[in-house]
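Here is the structure we will look at, set down as structure tokens.
Reminder, nothing fancy here: chain letters follow the sequence lines and each chain counts from 1.
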Amino acid sequence: MSEPRKILVTSALPYANGPIHLGHMLEHIQTDIWVRFQNSMGNMCTYVCADDTHGTAVMLRAEKEGKTPEDHIKAMQEEHVRDFRGFLIDHHNYYSTHSEENRYFAELIYTRLKTNGHISTRTIRQLFDPEKEIFLADRFVKGTCPKCGSEDQYGDACEVCSATYEPNELVNPKSVYTGATPVEKESEHYFFTLPEFQGMLREWTRSGTLQDSVANKLAEWLDAELQEWDVSRDAPYFGFEIPDAPGKYFYVWLDAPIGYMASFKNLCDRRDDLEFDEYWKKDSKAELYHFIGKDIINFHALFWPAMLDSADFRKPDGVFAHGYITVNGEKMSKSRGTFIMAKTYLEHLNPEYLRYYYAAKLGAGVEDIDLSLTDFAQRVNSDLVGKVINIASRCAGFIKKGGGSLSDNVAEPEMLAAFQQAGIDIAGAYERREFSKAIREIMALADRANEYIQSKAPWVMSKEEGREQEVQDVCSMGIHLFRLIAIYLGPVLPAMSDKVKAFLNVDSLNFTDRETVLTGHAINKFKPLLTRIEMTQIDDLIEASKEDAAAEAKPGPKAAEKKKAESKQDKPEEGSQEIEFGDFAKVDLRVARVIEADHVEGADKLLKLKLDVGNGETRQVFSGIKSHYQPEDLTGKNVVLVYNLKPRKMRFGVSEGMVLAAGGGDELWVMEADSAVKPGTKIS
RNA sequence: GGCUAUGUAGCUCAGUUGGUUAGAGCACAGCAUUCAUAAUGCUGGAGUCGCUGGUUCAAGUCCAGCCAUAGCCA
């Protein structure tokens, strides 16, 4: 056997601003399976992670909760650790970016960058909240889009027309903290001179470190011009102050990946068999891999290797991006109850179900993974309970009757050899992170094992005199096959693996054990290894998730500086929050009569309506109902208009109000008022 | 708008460098079996491989355009 590989693996650091949900779990389950597989193969694979604790969002969250940031991140970390443990994620260390080790490495790396001339400074003008005395990141300013006139848009891009711009270009900008009108203020910022690494990055991104599609994607930037990266933020900021730069702090994304080093260093200090330099020095022979979500590729495949390069550390051998989780084919949604927290899941279902299902669907690519809940239940039940566990379950009784020990004979040596041989392909699939392929092959083995037992029908033989040994041989063979399948599933199902060890009376079920055969070996009584999923459990989980979402009061601005890390999946979707009567009373609803309705040139979804709103006044309203209504269907109808909605400039003209409709998606009905009602009548 | 992906049976997905009648699991139907957590085995129906063109003796696979979906644009 070749020399064991020394491998260091990380999952992206969860942000200390919210709970772990099933999206996070995809990444940690993927990483954990890979790490367990490596160790099962006899390699020395270390897995570290940490909470990402810095930044404005954490600072404000703590402030809102009336805590210090330190107290807040400590509580968060405890929660995160508990959730990961619940899902059997075996981080060898789970640390924090708010640690002395991380401060040390952040300062060290920064100092080296600076010494190498890779830090430049220049003064930038930025919006500033004069009430709260804080600089405003793009997402903390809202106003009217300068391109299309849409209201209430973030400072970096318009969600309506997709224009991108600078926050100071917004019309009528407001701070999301205080509502104050921001002022422009100058500040000196520190920049990392990324363009100097263009050549290195071009080569590095194409050297097998990244998935092809990711490398293609990055080529967009690398073939164009890279920009310098702003790595400083002004006080007040929760983070590390930049050496020799009072009032300036490292941007959270500078010290976040350094957290991988800090966590590993912290572990090395407690372990005799791990040495930091062996893994991080420039010419390290150890392997380093980062598992991340596809949303944070830039940070890990551009900024991070460039920083490491300048600071004279080794670069990663691989950055592996995965896609997002959808539930029942759609984005996780709070109101639908599919925004599922790790904690809530664990209160209803066994973590290994999810580990198995994710594994069964994960490939090496960046495609999104759909958690289809009915498929989930069916697949887990039929694969794990119906096929795999059934093999042991149907053989164990006969073995017990025969004395409790496996036969000295191997009934089907060729079949056994084929099962052992299959381990090579399966290992290859795990290694390449093609877990779904590994699972397919394992399930094919389980099918073959069941076919074998079926064809031999030991229950028939057991009724015939003198065939006792044959029964033992066949059922022992079944157990041998089961054991191999359990070995192959071990990285995915560690808790079940432990139960199988107890059943088979063995100490280990590693890939390296697959050549041995338990002939003549005494085994223990079979106990159920896993129970089936009931659909009611899933229904309960969805219900509980809806309650979670409702309980989570969401006043105040959504802290969003870490939007890249938290991204869409964390975006609150309004459920049905209670409102005061006063809130409702603000909406002026009136009956309006459609005078004209027309198609809009160039618009896929819109119809242009001319409405009589009483007192001789008419309004022009654009309504996204083209897919369900023809203009002639609407003319002459009385509809419900939001009379006091702010006019909104759209590409095709100004829309002065909004027509109410029920439904959405496949079904949509415009709300109509009785034809007897006069246009302009108020609705209350 | 530009870019990166995805689109194959009711559902979830495989389909290697283009090569015979396009596969699996689940679900469904029938039969067998009853050792097993009603698990298992056998048989079967089911697909215009998003659409339209093109290259080729041959296209799910290559090329172009279009449509839909998702994401990215620091």
Side-chain angles (χ1 to χ4, degrees), chain A residues 138 147 156-157 161-164 192 194 211-221 223-231 251 253 293-299 301-303 321 323-326 328-331 357 360-363 365-401 429 434 436-437 439-441 443-444 446-463 471 474-475 478 482 526-534 563-564 567-569 604:
Chain A
D138 295 354
K147 301 255 165 43
D156 51 355
C161 73
S162 303
T164 56
F192 175 48
L194 191 66
Q211 293 121 305
D212 287 345
S213 65
V214 172
N216 291 344
K217 189 71 205 164
L218 288 177
E220 274 177 47
W221 286 294
D223 291 343
E225 208 133 305
L226 292 173
Q227 291 174 28
E228 296 196 340
W229 183 38
D230 186 349
V231 295
Y251 175 41
W253 263 113
K294 62 182 179 181
D295 50 340
I296 54 174
I297 287 170
N298 298 347
F299 296 101
L302 295 179
F303 306 145
Y324 297 137
I325 281 292
T326 56
N328 293 336
E330 303 187 66
K331 276 182 213 167
Y357 192 71
K361 302 198 78 167
L362 260 171
V366 294
E367 293 89 45
D368 293 352
I369 302 283
D370 185 42
L371 169 59
S372 160
L373 292 170
T374 49
D375 184 56
F376 167 62
Q378 286 172 351
R379 184 104 190 239
V380 167
N381 289 345
S382 88
D383 285 4
L384 293 182
V385 183
K387 287 181 184 174
V388 174
I389 294 175
N390 187 235
I391 299 164
S393 175
R394 67 196 305 199
C395 293
F398 293 111
I399 301 289
K400 186 158 178 283
K401 271 183 235 161
E434 291 168 354
S436 59
K437 186 160 189 269
I439 296 293
R440 269 202 309 283
E441 294 191 16
M443 286 309 129
D447 285 340
R448 282 172 67 185
N450 274 312
E451 285 163 29
Y452 167 73
I453 296 163
Q454 190 81 16
S455 70
K456 294 293 176 186
W459 52 92
V460 175
M461 291 192 263
S462 72
K463 288 171 189 154
V471 171
V474 166
C475 292
F482 171 73
F526 178 81
K527 293 179 196 155
L529 299 169
L530 210 61
T531 54
R532 312 173 72 78
I533 303 180
E534 301 295 336
K563 60 161 176 146
K564 299 292 185 266
S567 187
K568 281 271 168 87
Q569 300 203 2
D604 300 334

Min side-chain heavy-atom separation A:Phe398-A:Ser462 under 4.5 Å: yes
Taking the side chain as everything from C-beta on, heavy atoms only, tell me whether A:Phe526 gets closer than 4.5 Å to A:Lys400. no
Rounded off to whole Å, could you give me the [atom1]-to-[atom2] distance for the [X] and [N] pair?
{"X": "A:Phe376", "N": "B:C26", "atom1": "CZ", "atom2": "P", "answer": "17 Å"}
{"X": "A:Lys456", "N": "B:A36", "atom1": "NZ", "atom2": "P", "answer": "21 Å"}
{"X": "A:Gln211", "N": "B:G71", "atom1": "CD", "atom2": "P", "answer": "19 Å"}
{"X": "A:Phe299", "N": "B:C72", "atom1": "CZ", "atom2": "C1'", "answer": "12 Å"}
{"X": "A:Tyr324", "N": "B:A5", "atom1": "OH", "atom2": "C1'", "answer": "13 Å"}

Check: A:Gly323 main-chain N/O paired with A:Asp368 side-chain donor or acceptor under 3.5 Å: no
Check: A:Phe303 main-chain N/O paired with A:Asn298 side-chain donor or acceptor under 3.5 Å: no
Candidates [options] - which lies nearest the side chain of [X]:
{"X": "A:Phe526", "options": "B:G41, B:C26, B:U37", "answer": "B:U37"}
{"X": "A:Arg532", "options": "B:A39, B:C72, B:A74", "answer": "B:A39"}
{"X": "A:Gln227", "options": "B:C72, B:C42, B:A74", "answer": "B:A74"}
{"X": "A:Glu367", "options": "B:A70, B:A5, B:A74", "answer": "B:A5"}

Touch check for [X], heavy atoms < 4.0 angstrom, all strands: base, sugar-phosphate only, or nothing?
{"X": "A:Ile297", "result": "nothing"}
{"X": "A:Lys437", "result": "nothing"}
{"X": "A:Ile389", "result": "base"}

Taking salt bridge (charged side-chain N to carboxylate O under 4.0 Å, His left out) as the test, write out the residues that go with A:Arg440, two or more places apart. none
Can you list everything that forms a salt bridge (charged side-chain N to carboxylate O under 4.0 Å, His left out) with A:Asp212? Sequence neighbours excluded, please. none
For A:Asp375, give me all partners under side-chain contact (heavy atoms from CB on, under 4.5 Å), at least two apart in sequence or on another chain. A:Tyr357, A:Lys361, A:Ser372
In terms of ring plane angle, is the pair A:Tyr251 and A:Trp229 parallel, tilted or perpendicular, where the classes change at 30° and 60°? perpendicular
Close N/O contacts between protein and nucleotides 31-35 of chain B (under 3.5 Å):
| unit_1 | atom_1 | unit_2 | atom_2 | d |
| --- | --- | --- | --- | --- |
| B:C35 | O2' | A:Arg394 | O | 3.2 |
| B:C35 | O2 | A:Arg394 | NE | 3.2 |
| B:C35 | N3 | A:Arg394 | NE | 3.4 |
| B:C35 | N3 | A:Arg394 | NH2 | 2.8 |
| B:C35 | N4 | A:Arg394 | NH2 | 3.2 |

Please tabulate, one pair per line, each protein N/O and nucleotide N/O from nucleotides 9-13 of chain B that are separated by under 3.5 Å, including the distance.
| unit_1 | atom_1 | unit_2 | atom_2 | d |
| --- | --- | --- | --- | --- |
| B:U12 | O3' | A:Lys361 | NZ | 2.4 |
| B:U12 | O2' | A:Lys361 | NZ | 2.8 |
| B:C13 | OP1 | A:Lys361 | NZ | 3.2 |

Between the base of B:A36 and the side chain of A:Asn390, is there any donor-acceptor pair under 3.5 Å? yes
Quiz: residues 383-391 of chain A side-chain donor-acceptor pairs under 3.5 angstrom, not counting sequence neighbours:
| unit_1 | atom_1 | unit_2 | atom_2 | d |
| --- | --- | --- | --- | --- |
| A:Asp383 | OD2 | A:Tyr356 | OH | 2.6 |
| A:Asp383 | OD2 | A:Arg379 | NE | 3.2 |
| A:Lys387 | NZ | A:Asp447 | OD1 | 3.4 |

